[in-house]
Amino acid sequence: MATSTPPRHLFADMHDRVIAANQALIADGVLPKGIDLSRVLIEPPRDPSHGDMATNAAMVLAKDAGKKPREIADALAGKLRGDALVETVDVAGPGFINLTLKPEAWLEATRAAIVAGKDYGRSAVGKAAKVNVEYVSANPTGPMHVGHCRGAVFGDALASLLAFAGFEVCREYYINDAGAQIEALTQSGWLRYREALGENIGAIPEGLYPGDYVKQVGEELKVDYGADLLKKPESEWKPIVRERAINIMMADIRNDLWSLGVVPDMFFSEASLTEDGDKVAETIDVLRKQGKVYEGRLPPPKGAPVDDYEDREQTLFRSTDFGDDVDRPLKKSDGSYTYFASDIAYHKSKIDRGFLSMIDVWGADHGGYVKRMQAAVKAISGGKADLDVKIIQLVKLLRDGQPVKMSKRAGEFVTLREVVEEVGSDAVRFMMLYRKNDAVLDFDLARVKEQSRDNPVFYVQYGHARGHSIFRMAGEAFPKLPEEPADRLALLAKAPLARLTDAGELSLMRKIAAFPRVVEAAALSHEPHRIAFYLYELAAEFHAQWTKGKDLPHLRFIIQNDEELSVARLALVQSAVTVFAAGLKLLGVGAPEEMR
RNA sequence: GCGCCGGUAGCUCAGCUGGAUAGAGCACCAGACUUCGAAUCUGGGGGUCAGGGGUUCGAAUCCCUUCCGGCGCGCCA
């Protein structure tokens, strides 16, 4: 998508100014030439009485400069006092430089939000670097359950966030359509086919998939082939049954993903790695030529004893050279590749496609796999590519605080579809993102349907809806206000924001100005939950300001006899609505104009 | 036994990659509806950041160690 470079935001702007001030000090000889300024940060202080922004410059530079922090701080404060955006500069504590900005700075940041609209917060920090986000990657052996969907939503939101921050993103779904579990699915489908033809198949044997959802495979095969497959040898019917089974399962999975608003850019088939030439063998070859693959023996695994352990010479990847604990096998005893071997070839494919930055979203049970995969990525890319693995902790499904029983063995598990149908995609997505990815998540089916502050989904959406409610009211109070959103925006973009002087209004403006900074930080740290928490805080401030008008009527957003002031306040509301909409969009959650 | 991830208010969790007096929601207590939708808001009590050591101007955050919980530990993916 061709968008012009977004304007830099207030925090980035002030950071530039602080760096410039430091460079001026270098020119003056106060700081030594070549001093490292990379640790100089600017951030909002926790305590608002310390001003609008603070920099740690004096403290982080003191050692290298051989001067006391206060001495540097005083010199830096002198430079910053002349800045056009700065009202006051104070040196405090161990050497913090606290800046209070002129009100115009916040007014213009608010105006910027209105003008930028849905692009407010968009950033160029990604520098159009290609990033690959791989998520879900569930076996296509059955319907998705709630555990899968946290990873799906996380990966999808992270991808949106990265795209918004200026990265070029590919959302990728890795289909594990090779290996023993697919074999089991194929056998299950075969049984269901025979069942569809009238045969009594009895109970589904241990190790196969007993779920009713496999019956569709048999039914479709019966329609297309009648009883013909029964006459064919296994080598002929098996590929047919397998392909049909995978197609049916994947169609199901796609539907489930779409119902959640998750739409991958591409599906990558594991089986394709060995269908059209053997990519896995090629990858192993490349590594072998580099001396990173060898034939050798491994000590027996520690911990849980392996019954059929057999000491043998095997093909090993030298992952210990890259920080792993032991070298890892690439082939099973039957000569077929391990999952790890395929996965190396898969990641090589990503690198070959130009992705030097990769993010994998995995379930908690794959945590032990991270090191070896990162080792492999380092090896095949010659250290040029980077893999970040986000481990998604499990979801505890509750109803009114009581755990919902799930028994996978009996084939009874709560499917993704059931949950989405019960509480809606918005609630599922927001709650999945309202927690850090590596923390266990309690998902209460009753809670997320509540219309109260307890329910963050509702609380944030209501913030957006309430903004629109105010516009509707304003239209009644001031019939001359334009009804068309575009005309309204044009008017509000020119609003006399200088009339906003209440502490709550100014605080709201600061919050709105902080959004682009939150977007950048969330994107760079691969933490979409920060957006969700930010929106919750914005909603809290917005609702608070609204309610203030109850006790103090002169603070209401709409003042009947002062249209100019009302327009200024409506502009503030507009900026908040803009951020609600932009933030919710990043999370893939709807922004309704009313909650009825 | 080893590795990874966690341990922050009674409960559920944030804490902006090392900043100033550790924050929010729930719960508890006390308040605010002839309202721009009270589906909301205001105030209050509540902490040995699991314990101990270290690094430095400064640690919930980084390092070491102990304890507790979860996950994983060739031929499952």
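What you are looking at is a predicted structure, and each value in this text was computed from that prediction instead of being measured. All values below come from the heavy atoms of this structure, side chains included, with hydrogens, waters and symmetry mates left out. Within every chain, numbering begins at 1; the chains are lettered A, B, ... in the order of the sequence lines, protein sequences first and strands thereafter.
Rounding to whole angstrom units, CD of residue A:Glu594 and P of B:rU40 are separated by 17 Å. Straight-line distance from the CZ atom of A:Arg530 to the C1' atom of B:rG15: 10 Å, rounded to whole Å. Going from atom CG of A:Asn176 over to atom C1' of B:rA77 covers 6 Å, rounded to whole Å. The CZ-C1' distance, from A:Phe322 to B:rG3, rounds to 19 Å in whole Å. Regarding A:Ile391, its CD1 atom lies at a distance of 11 Å from the P atom of B:rG6, rounded to whole Å.
Counting only N and O atoms by type, the side chains of A:Glu310 and A:Ser333 include no donor and acceptor under 3.5 Å apart. Using modelled atom types, one finds a donor on one side chain and an acceptor on the other under 3.5 Å when comparing A:Arg466 with A:His543. Using modelled atom types and a 3.5 Å distance limit, the side chains of A:Gln187 and A:Glu183 yield a donor-acceptor pair.
Counting heavy-atom neighbours within 6.0 Å of A:Glu313 CD, excluding the residue itself, gives a total above 12. A 6.0 Å sphere centred on NZ of A:Lys449 holds more than 12 heavy atoms belonging to other residues, nucleotides or ligands.
The residue among A:Glu527 and A:Lys63 whose nearest nucleotide of RNA chain B is located toward the 5' end is A:Glu527. Residues A:Gln314 and A:Lys371 each lie close to RNA chain B; by heavy-atom proximity, the contact nearer the 5' end of the strand is made by A:Lys371.
Remark: A:Asn56 engages no residue in a side-chain hydrogen bond (donor to acceptor under 3.5 Å, both in side chains) (not counting sequence neighbours). Under the rule for a salt bridge (charged side-chain N to carboxylate O under 4.0 Å, His left out), A:Lys378 has no partner lying at least two apart in sequence or in another chain.
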Just by protein heavy atoms under 4.0 Å, how would nucleotides 19-28 of chain B read 5' to 3' in B, S and -? BB-S-SSS--

Where along nucleotides 8-14 of chain B does protein come under 4.0 Å, by heavy atom, of base (B) or sugar-phosphate alone (S), with - for untouched nucleotides? ----SSS

Can you tabulate the close N/O pairs, meaning under 3.5 Å, that link protein atoms to atoms of nucleotides 31-33 of chain B?
| unit_1 | atom_1 | unit_2 | atom_2 | d |
| --- | --- | --- | --- | --- |
| B:rA32 | O2' | A:Lys550 | NZ | 3.0 |

Taking only distance into account, with no hydrogens and no angle test, what donor-acceptor pairs under 3.5 Å do side-chain atoms of residues 440-448 of chain A form with protein atoms, sequence neighbours excluded?
| unit_1 | atom_1 | unit_2 | atom_2 | d |
| --- | --- | --- | --- | --- |
| A:Asp444 | OD1 | A:Asp400 | N | 2.9 |
| A:Asp444 | OD1 | A:Ala446 | N | 2.9 |
| A:Asp444 | OD1 | A:Arg447 | N | 3.2 |
| A:Asp444 | OD2 | A:Asp400 | N | 3.3 |
| A:Asp444 | OD2 | A:Gly401 | N | 2.8 |

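Nucleotide B:rA60 forms a pair with no other nucleotide shown, judged by Watson-Crick or G-U wobble geometry with both contacts under 3.5 Å.
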Could you please spell out the steps behind the side chain to side chain donor-acceptor pair (under 3.5 Å) verdict for A:Thr141 and A:Gln181? CA-CA 7 Å; A:Thr141 52; A:Gln181 306 206 15; 4.7 Å; no

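Glycosidic torsion of B:rU17 falls within 90° of 0, placing the base in syn.
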